[in-house]
Trainee: 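Got a structure for you, questions after.
Since we're looking at a predicted model, the values are computed, not measured. Protein chains get the first letters and strands the later ones, always in sequence-line order, with residue 1 at the start of each.
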Protein chains: 2
Amino acid sequence: MNDELYFVSKPTWIWYPGDFEVWLGNIFNNRRTERGAMFPPFWKQDSHYVTVEFTKTVETSEEEEIAIFAEGQYNFSIDGKLQYPSSRQSIPQGTHKLSLKVWNQATPPTIFIQGKTIHTDATWQATYEDKLWIDENGVPHGSGIYVPVGSWHFDSPDTPPSTYHLEREEQRPVCCDTISTNSSLYDFGRETFGYLKVKNLQGTIHVYYGESREEALDKDHCETLDVLSCPVCSVGRGSASATSKAFRYVYIEAEPGTTYDEVLMDYEYAPHDLAHCGTFRCSDDELNRIWDVAAYTMDLTTREFFMDGIKRDRWTWSGDAIQSYLMNYYLRFDADCVKRTIRQLRGKDPVTAHVNTIMDYTFYWFKSILDYYLYTGDEAFVREMWPRMVTLMDYVEGRLNEQGMAEGKPDDWIFVDWVDFPMHKRGVLCFEQILFCKAMETMALCAKVLHIKTDYRVKSEELRNKIKQTFWSYEQKAYFHAIEDGVMNRHITKFPNMFAILYGLSYEEERKEIMQSVMLNPDIEPITTPYMRFYELEALCMMGHHDKVLKEIRDYWGGMLREGATSFWEKYVPTETGVQHLAMYGRPYGKSLCHAWGASPVYLLGKYYLGVCPTKPGYAEFEIRPTLGDLNWMEGDVPTPHGIIHVYMDKTQVRVLATEGEGWLYVGNRKTNIKANEEITITY
Amino acid sequence: MNDELYFVSKPTWIWYPGDFEVWLGNIFNNRRTERGAMFPPFWKQDSHYVTVEFTKTVETSEEEEIAIFAEGQYNFSIDGKLQYPSSRQSIPQGTHKLSLKVWNQATPPTIFIQGKTIHTDATWQATYEDKLWIDENGVPHGSGIYVPVGSWHFDSPDTPPSTYHLEREEQRPVCCDTISTNSSLYDFGRETFGYLKVKNLQGTIHVYYGESREEALDKDHCETLDVLSCPVCSVGRGSASATSKAFRYVYIEAEPGTTYDEVLMDYEYAPHDLAHCGTFRCSDDELNRIWDVAAYTMDLTTREFFMDGIKRDRWTWSGDAIQSYLMNYYLRFDADCVKRTIRQLRGKDPVTAHVNTIMDYTFYWFKSILDYYLYTGDEAFVREMWPRMVTLMDYVEGRLNEQGMAEGKPDDWIFVDWVDFPMHKRGVLCFEQILFCKAMETMALCAKVLHIKTDYRVKSEELRNKIKQTFWSYEQKAYFHAIEDGVMNRHITKFPNMFAILYGLSYEEERKEIMQSVMLNPDIEPITTPYMRFYELEALCMMGHHDKVLKEIRDYWGGMLREGATSFWEKYVPTETGVQHLAMYGRPYGKSLCHAWGASPVYLLGKYYLGVCPTKPGYAEFEIRPTLGDLNWMEGDVPTPHGIIHVYMDKTQVRVLATEGEGWLYVGNRKTNIKANEEITITY
């Protein structure tokens, strides 16, 4: 056979859409450990479809030989006729329907076909039940539901999807303290993630990881640990850790007689295109450091999926993820990682629990698809997810109370936020209804994108009115907290009120009222997690409080830096001191010191200071509203699906350059049209 | 550790109920081949839950060490506290909740624990989502749905469930014909099933299997084939067939230079307890031969699951299986195989198609649970299946037409039977409504067994009335065929009419009318498959036509024997001759010559001649109504859950002995009470 037969076109591995993520998600989520013990999630872990049919009707001008690669046991048919098994098959000249049925329990069924003109790619279709039955006369009947296949960039027969892995790079500690004759503490200089390696290990060492020095040295309480040994024995399985770990410090105790040379690590990371990244620099060096550490926090948590905390949690969490997506649109624009995470979080039908078992997280999941569509314009993905959006919304609607409100049932986790003040989570929370309303709006908008007739628009409007009528206090100019056992809980928190602003429930006048009565009111309990700080600061930005937000960023994120943070934390309470900062969940090192939701300055600075935002899907149209706040100058890039928008601003001038789309630059009262690749300078 | 620690109690492997069957079912169904090509089913193949938690609260009077074996990666916790991974764990004195979470993509997560008093067994519980979340203060919340685990007789740590296999026994051909210098035809004497083996093979042979001599010799059209080679090469992978095959004849062609010695096979079978089997002997030797061949047909098709046809189909089919179950209650009483098959056929939620995509097969699936409960009294299994019964019935009810009738949608297969006469399958078939009504009745009865309040009783009564009002012709004394496009199709077939008798839709008078107007009416098209003959002859027996049924059995099954059958066929048309008998589905050897539904004499002779039938679940009460028909004498055993009922009858005497339960013997007008282990002789 002619070698040229291959490589003239671009074949790629294909699978049932979403199945790669379901499978990879289990591996990802099950890597979590607690003091050495495996710690899988407490929600249902799904499986890929174990038997999948792939099909495409092809047209060839001459007989063509194809080579078939598959992960799984498979068959191959031409026009419904099964062929004798062979990895080389001959397709006759003409129009033919090719079908392959592949079975694989352990990893998703996938195929890769290459021929002169025929190959697998995104144009193929897949089904998990072809429903094709043959009657007693040999006549075929029936038809299954076929959907476009999933694919990514597995473009070689030698790299099937099940071999997927992140990149690695060897790194060395920056210093080592000898603690005793048989123990040392290694410092890798900053928070990192990967696989510890010990050169020339002879014997057994006990390894204690720490995000802090205190944690690594506290053998009894550090969250992650390891035993390495050479030769391999029952407790230690070699000279490198088998699973990745998050740490800055590594404390190593050697058993008697053990020797080893260098201690180093393989840093593990998701590669990104440096030419297609967000950047930010300004006149305030502290803010630059904050942006850098936030970006590094994002890079550590952007992996096979968006991870929340790299040390402990290591699961995909919908509420964390939606923030990662938004930050990511202003940092690496890794749309694939967004899609993977959205697919993975949703998993398979039947829906037996809220996403991550958390009601709010279900609602964020919907909203994240709307965000994704706005930033990428990727309608195909909305189409792919639509059936699973419908069944998840069916689940939500099937659990509404008699008033049509989303009220937590005993097995629902109502999260909202980690709070330090007493806050009831029973009954009908206004916060949850606002998120529910946004989820319903998302359904309506996505249906419109897909030209599907539904009644989600009517439902979302009804819900919006009901929320206002039920929870809004005209007296206090605020949304009350909840209805519990039929009685209004008049507690006022920032949560529902800021989401009334953010998710468009409140119109102009009401927003201003909320700002005064709640968001800027010192009597309202403060928010202490970076998680909800994200939304709080965004609401402040939306309402024009850019100076205040910069101050808050410097206080809060600057505060973490002053505490020595090299990545941003799960929670930060400025009044705490010393090791108090490390504790959470009743455990001395329970707090995650690298938590995705800590990276929000990346988002805030890109969206509300550089001021870049798409106004039509995929940046077909966008606006730039640069705002200096108290800065002297700032400059940065915001990635778009296939390009970059560059913004420079100082006290007299704004310069912008966009490499795709069309937009509007707003400076003062001036509105200037922006065309792709035309630099605009405005002096004001 | 003391060796005695083990083996003082009876530990066994456990798993999430139904998951062993889902996994094994995929292996089973995917073994089907067509001319060497793999041929998986065209319906959804499910996966086991990949991550399962097992739990039990145990009480120990002293500290106890346990040994843990698992299929999958797992963790172990005591009272919610994760333990450092080790296959030996120490359980402190007192009451403790043990939990293990196990992850396994490829095979079902299973565990086996043995200690002095603590071990895994059927008293453990399992869940696929424990929903147990920890709040910021380290306090656990939430709870999943736990169900009793699945288990069988995997009672040794060395035989985990994933190693399950049937028994094998070496067998030799009875003769060999030399066909040419390099080819021979081996005859194994009768239909068989297993793995061909060739001793001292050097080279490559091409193997063509045949249920008939004609098929084996027809290299281009035989349904199954193989290539064996030693040393292993790309086409042949050794000196024994890798997958089991059904055949009587094997035609072998050797490639030039190939040598081999003996050709033999490993017969593969499900073992059964000979002391707990149905038997039948009578004064008619032909009938004895029919019973023997029927029993052999059942033994060939009773495997990991009940299989329909061992050569070609090799899938689990609900309509075939319900007959196998009934035959099995009178032959091997393999209740485990019934349970496995029922679980496997149902698979997992969501329901996306009818069972096997066939509407009638969904309804039989329900009915089979009622039958199972009647014969075994196993309420635990009804409880296990109940949630999946509900979701399958939800699926059925979600597809009813406006009149509340089960009308086929385009992707539903309406099977009824293979028929040789024109019969419409569109619209609302009376046959399907009668089955649907029985399914609804099954829901009502099972709900009653489980003390669950439902409205299935009301629904089934409504449906029963609607069927009568809609389809019964007072004029023709028969149920019409269907409503098509609003118009009654007045075609009268045996199908709905015999099910009106069998499934209790018709009361006494109507049954007699149906007998005359349909069942005994020569103008009604005859039934030609053993599949529907099963029901036809049962209806005749129910109505007292025992002589006629014996004649039919001699004609029809005796006819197959006279054609040389060594197992019973998928279909038999007495008017066909020679190779016509082998063809089906437009293929010369498409017909299955060993098809479970061909074995119905085993059922008919046990139930309607020996006359044994449970009247309360699990033979707690039973009746014996022996009927000789035209026989001089008959004798046999009918297995009960834990025993045997022996019946002897000749023209003057009846003798019965039951080893469990209490029953009533009906001879003529006499009704005699039967107590366990007391032989009763009645002279009449």
Trainee: Rounded to the nearest 0.5 Å, what separation is found between the NZ atom of A/Lys81 and the CD atom of B/Glu34?
Mentor: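 Atom-to-atom, A/Lys81:NZ and B/Glu34:CD are 6.5 Å apart.
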Trainee: Measure across A/Asp130 and B/Pro41 and return the closest heavy-atom pair with its distance rounded to 0.1 Å.
Mentor: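 Where A/Asp130 meets B/Pro41 most closely, the heavy atoms are OD1-O, 4.4 Å.
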Trainee: Which heavy atom of A/Tyr585 sits nearest a heavy atom of B/Asp135, and at what distance?
Mentor: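 Where A/Tyr585 meets B/Asp135 most closely, the heavy atoms are CD2-O, 3.3 Å.
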Trainee: Between B/Phe39 and A/Asn75, what is the shortest heavy-atom contact and its length?
Mentor: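 Taking every non-hydrogen atom into account, CA-ND2, 4.0 Å.
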Trainee: Does B/Lys131 reach the side chain of A/Trp413, with side-chain heavy atoms less than 4.5 Å apart?
Mentor: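 A side-chain contact is absent here, since even the closest heavy-atom pair is not under 4.5 Å.
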Trainee: Contact part of A/Tyr74 toward chain B, heavy-atom cut-off under 4.5 Å: side chain, backbone, both or neither?
Mentor: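 Only the backbone of A/Tyr74 comes within 4.5 Å of chain B.
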Trainee: How long is the span from the NZ atom in A/Lys44 to the OH atom in B/Tyr49, to the nearest 0.5 Å?
Mentor: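 The OH atom of B/Tyr49 is 7.0 Å from NZ of A/Lys44, to the nearest 0.5 Å.
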Trainee: Select, from B/Thr357, B/Leu82, B/Asp46, the one with the greatest count of heavy-atom pairs under 4.5 Å involving chain A.
Mentor: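 Of the candidates given, the most pairs with chain A belong to B/Leu82.
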Trainee: Do you know which of B/Ile134, B/Val419, B/Thr107, B/Thr391 has the most heavy-atom pairs with chain A at a distance under 4.5 angstrom?
Mentor: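 Going by pairs under 4.5 Å, I would pick B/Val419.
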Trainee: Which region of A/Lys348, side chain (C-beta onward) or backbone (N, CA, C, O), has a non-hydrogen atom less than 4.5 Å from a non-hydrogen atom of chain B, or is it both or neither?
Mentor: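 Neither; nothing under 4.5 Å.
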Trainee: Can you tell me which portion of A/Ser86 sits under 4.5 Å from chain B's heavy atoms? Options are side chain, backbone, both or neither.
Mentor: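 Contact with chain B: none, neither part.
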Trainee: At what distance, to the nearest 0.5 angstrom, does CD of A/Gln105 lie from OG of B/Ser162?
Mentor: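 Atom-to-atom, A/Gln105:CD and B/Ser162:OG are 12.0 Å apart.
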Trainee: Are any non-hydrogen side-chain atoms of A/Glu129 and B/Thr352 less than 4.5 angstrom apart?
Mentor: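 Yes, side chains in contact.
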Trainee: Which pair of heavy atoms, one from B/Gln45 and one from A/Val50, lies closest together, and at what distance?
Mentor: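 Reported closest heavy-atom pair: O-CG2, 3.5 Å.
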Trainee: Look up atom CG in B/Asn137 and atom CZ in A/Arg587, then write down how far apart they are to the nearest 0.5 Å.
Mentor: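 Atom-to-atom, B/Asn137:CG and A/Arg587:CZ are 12.5 Å apart.
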Trainee: Is the shortest side-chain heavy-atom distance between B/Trp43 and A/Thr51 below 4.5 Å?
Mentor: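 Counting from C-beta outward, B/Trp43 and A/Thr51 never come under 4.5 Å.
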Trainee: Should we count NE2 of A/His141 as having more than 12 external heavy atoms under 6.0 Å?
Mentor: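 Yes, the 6.0 Å shell around NE2 holds more than 12 heavy atoms from other groups.
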Trainee: Let me know if A/Gln83 has heavy atoms under 4.5 Å from chain B in its side chain, its backbone, both or neither.
Mentor: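 A/Gln83 touches chain B through backbone heavy atoms alone.
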Trainee: Specify which of B/Ser87, B/Gly590, B/Pro85 makes the most heavy-atom pairs with chain A at under 4.5 Å.
Mentor: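 The residue among B/Ser87, B/Gly590, B/Pro85 with the greatest pair count is B/Pro85.
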Trainee: Sort out for me which of B/Leu132, B/Leu225, B/Asp411 touches chain A most, counting heavy-atom pairs under 4.5 Å.
Mentor: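 The candidate making the most pairs under 4.5 Å is B/Leu132.
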Trainee: Work out which heavy atom in A/Trp103 is nearest to a heavy atom in B/Met38; give both atom names and the distance.
Mentor: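 Shortest heavy-atom contact: CB-CE, 3.5 Å.
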Trainee: Among B/Ala353, B/Gly586, B/Ala37, which residue forms the greatest number of heavy-atom pairs with chain A at distances under 4.5 Å?
Mentor: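 Of the options given, most contacts go to B/Ala37.
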Trainee: What I'd like to find out is whether the side chain of A/Ser47 reaches to under 4.5 Å of the side chain of B/His48, using heavy atoms alone.
Mentor: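 No, every pair of side-chain atoms sits at 4.5 Å or beyond.
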Trainee: For A/Asn26, is it the side chain, the backbone, both, or neither that has a heavy atom closer than 4.5 Å to a heavy atom of chain B?
Mentor: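 Both parts, backbone and side chain.
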Trainee: Heavy-atom count check: over 12 atoms from other residues, nucleotides or ligands less than 6.0 Å from A/Ile27 CD1?
Mentor: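 Atom CD1 in A/Ile27 is crowded, with more than 12 foreign heavy atoms closer than 6.0 Å.
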